[in-house]
Trainee: 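Supplied in structure tokens, the structure appears directly below.
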Amino acid sequence: MITTEDFQWYVEAAVDAMVAIVTGLGDDLANTRPDLPGANSPYAILFHCLGVMEYWGGEAIAGRPVERDRDAEFRAAGPVAELADRALAAPRRLAADLASLDPAAPPRARLDPEDLTTPLRTQGGVALHIYEELARHLGQMELTRDVLRASAAGAWPPGAST
């Protein structure tokens with residue numbers, strides 16, 4: 001069984017990598033959506049991940065009320081430095097939420113019925129879902145960063161002349 005300390009290490013590594021992407025891109029590119037259907041800006045992706053950690057860790061694991069506007073997370077934009085500060089603090093908040101983790105117990109929040117047919121039916125499953133979302137979105141941010149940099153250099157879409 002993984003310890004909460006081990007879990008926390010992976011969460012921090014993912015968040016640190018996301019922060020490095022948005023800070024490396026700077027305010028303009030981090031707030032830019034690639035010219036691809038349904039794409040999100042790196043800023044919005046990280047903002048969404050903070051919402052994931054807050055809701056699933058805070059409400060579903062720790063049982064504290066969390067106000068969340070998931071749709072607004074994908075429209076978020078702003079200064080990278082402020083988001084980076086918030087992101088670097090988020091794993092500490094998640095660690096506090098995980099202090100009450102009972103891996104085999106049901107989530108402390110009322111979930112949508114369809115969630116209860118997945119591993120989200122336990123707090124341990126919820127914790128894994130948090131990391132699943134961070135890992136998935138880190139990969140998405142890496143690709144988004146690469147597309148934005150290529151576009152800024154005139155090399156996107158593929159085959160474009162430089």
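We number each residue from 1, following the sequence as shown.
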Trainee: Enter the distance from Ile61:CD1 to Asp102:CG here, rounded to the nearest 0.5 Å.
Mentor: 10.5 Å
Trainee: Counting distance only, does the side-chain N/O of Asn40 pair as donor-acceptor with the main-chain N or O of Ile45 below 3.5 Å?
Mentor: no
Trainee: State whether Glu82 and Arg86 are salt-bridged, where the test is any N-O pair (Lys NZ or Arg NE/NH1/NH2 against Asp/Glu carboxylate O) under 4.0 Å.
Mentor: no
Trainee: Please report the interatomic distance CD(Glu12) to CG(Leu94), rounded to the nearest 0.5 Å.
Mentor: 9.0 Å
Trainee: If I compare all heavy atoms of Thr32 with all of Pro42, which pair ends up nearest, and what's the gap?
Mentor: O-CD, 3.5 Å
Trainee: Cation over ring, Arg75 on Phe47, under 6.0 Å and within 45°?
Mentor: no
Trainee: In Å, rounded to the nearest 0.5 Å, how long is the span from CG of Asp146 to OG of Ser151?
Mentor: 12.5 Å
Trainee: Shared ILVMFWY cluster between Leu128 and Ile2, side chains joined below 4.5 angstrom?
Mentor: no
Trainee: Please report the shortest heavy-atom distance between Leu25 and Leu29, naming the atom on each side.
Mentor: O-CB, 3.6 Å
Trainee: What are the two closest heavy atoms between Ala17 and Leu138, and how far apart are they?
Mentor: CB-CD1, 3.7 Å
Trainee: Walk me through whether Met53 and Val15 qualify under side chain to side chain contact (heavy atoms under 4.5 Å, CB included).
Mentor: CA-CA 10 Å; Met53 293 169 62; Val15 171; 3.9 Å; yes
Trainee: Would you indicate whether the side-chain heavy atoms of Leu134 and Met18 approach each other to under 4.5 Å?
Mentor: yes
Trainee: Could you check whether any side-chain N or O of Arg33 sits under 3.5 Å from a backbone N or O of Ser41, counting only pairs where one atom can act as donor and the other as acceptor?
Mentor: no
Trainee: Enter the distance from Arg92:CZ to Gln8:CD here, rounded to the nearest 0.5 Å.
Mentor: 10.0 Å
Trainee: Taking Ala109's backbone N and O only, do any of them form a donor-acceptor pair with Glu59's side chain (distance below 3.5 Å, no angle check)?
Mentor: no
Trainee: Checking side chain to side chain contact (heavy atoms under 4.5 Å, CB included) between Glu54 and each of Arg68, Glu67, Arg64, which is the one that passes?
Mentor: Arg64
Trainee: Backbone N or O of Pro107 within a donor-acceptor pair of the Gln123 side chain at under 3.5 Å?
Mentor: no
Trainee: Less than 4.0 angstrom from a charged side-chain N to a carboxylate O is my criterion; do Glu73 and Arg70 meet it?
Mentor: no
Trainee: When rounded to the nearest 0.5 angstrom, what is the spacing between CD in Gln140 and CZ in Arg145?
Mentor: 13.0 Å
Trainee: Given side chain to side chain contact (heavy atoms under 4.5 Å, CB included), test Leu46 with His137 step by step and report yes or no.
Mentor: CA-CA 8 Å; Leu46 178 52; His137 289 305; over 6 Å; no
Trainee: Mind checking whether Met141 and Leu143 sit in one hydrophobic cluster, side chains of I, L, V, M, F, W, Y counted as touching below 4.5 Å?
Mentor: no
Trainee: More than 12 foreign heavy atoms under 6.0 Å from CG of Asp6: is that the case here?
Mentor: yes
Trainee: Does Asn31 reach the main-chain N or O of Gly78 with its side chain, forming a donor-acceptor pair under 3.5 Å?
Mentor: yes
Trainee: In the single-linkage hydrophobic clustering (I, L, V, M, F, W, Y; side-chain heavy atoms under 4.5 Å), do Leu101 and Tyr131 co-cluster?
Mentor: yes
Trainee: Tell me, please, which residues at least two apart from His129 pass ring-ring contact (aromatic ring centres under 6.0 Å, His included).
Mentor: Trp56
Trainee: When clusters are formed by joining ILVMFWY residues with side-chain heavy atoms under 4.5 Å apart, either directly or through shared neighbours, do Phe74 and Val147 land in the same one?
Mentor: no
Trainee: What distance separates Ile130 CD1 from Phe7 CZ, expressed to the nearest 0.5 Å?
Mentor: 5.0 Å
Trainee: So which heavy atom on Ala76 is nearest to which on Ala44, and how close?
Mentor: O-CB, 3.9 Å
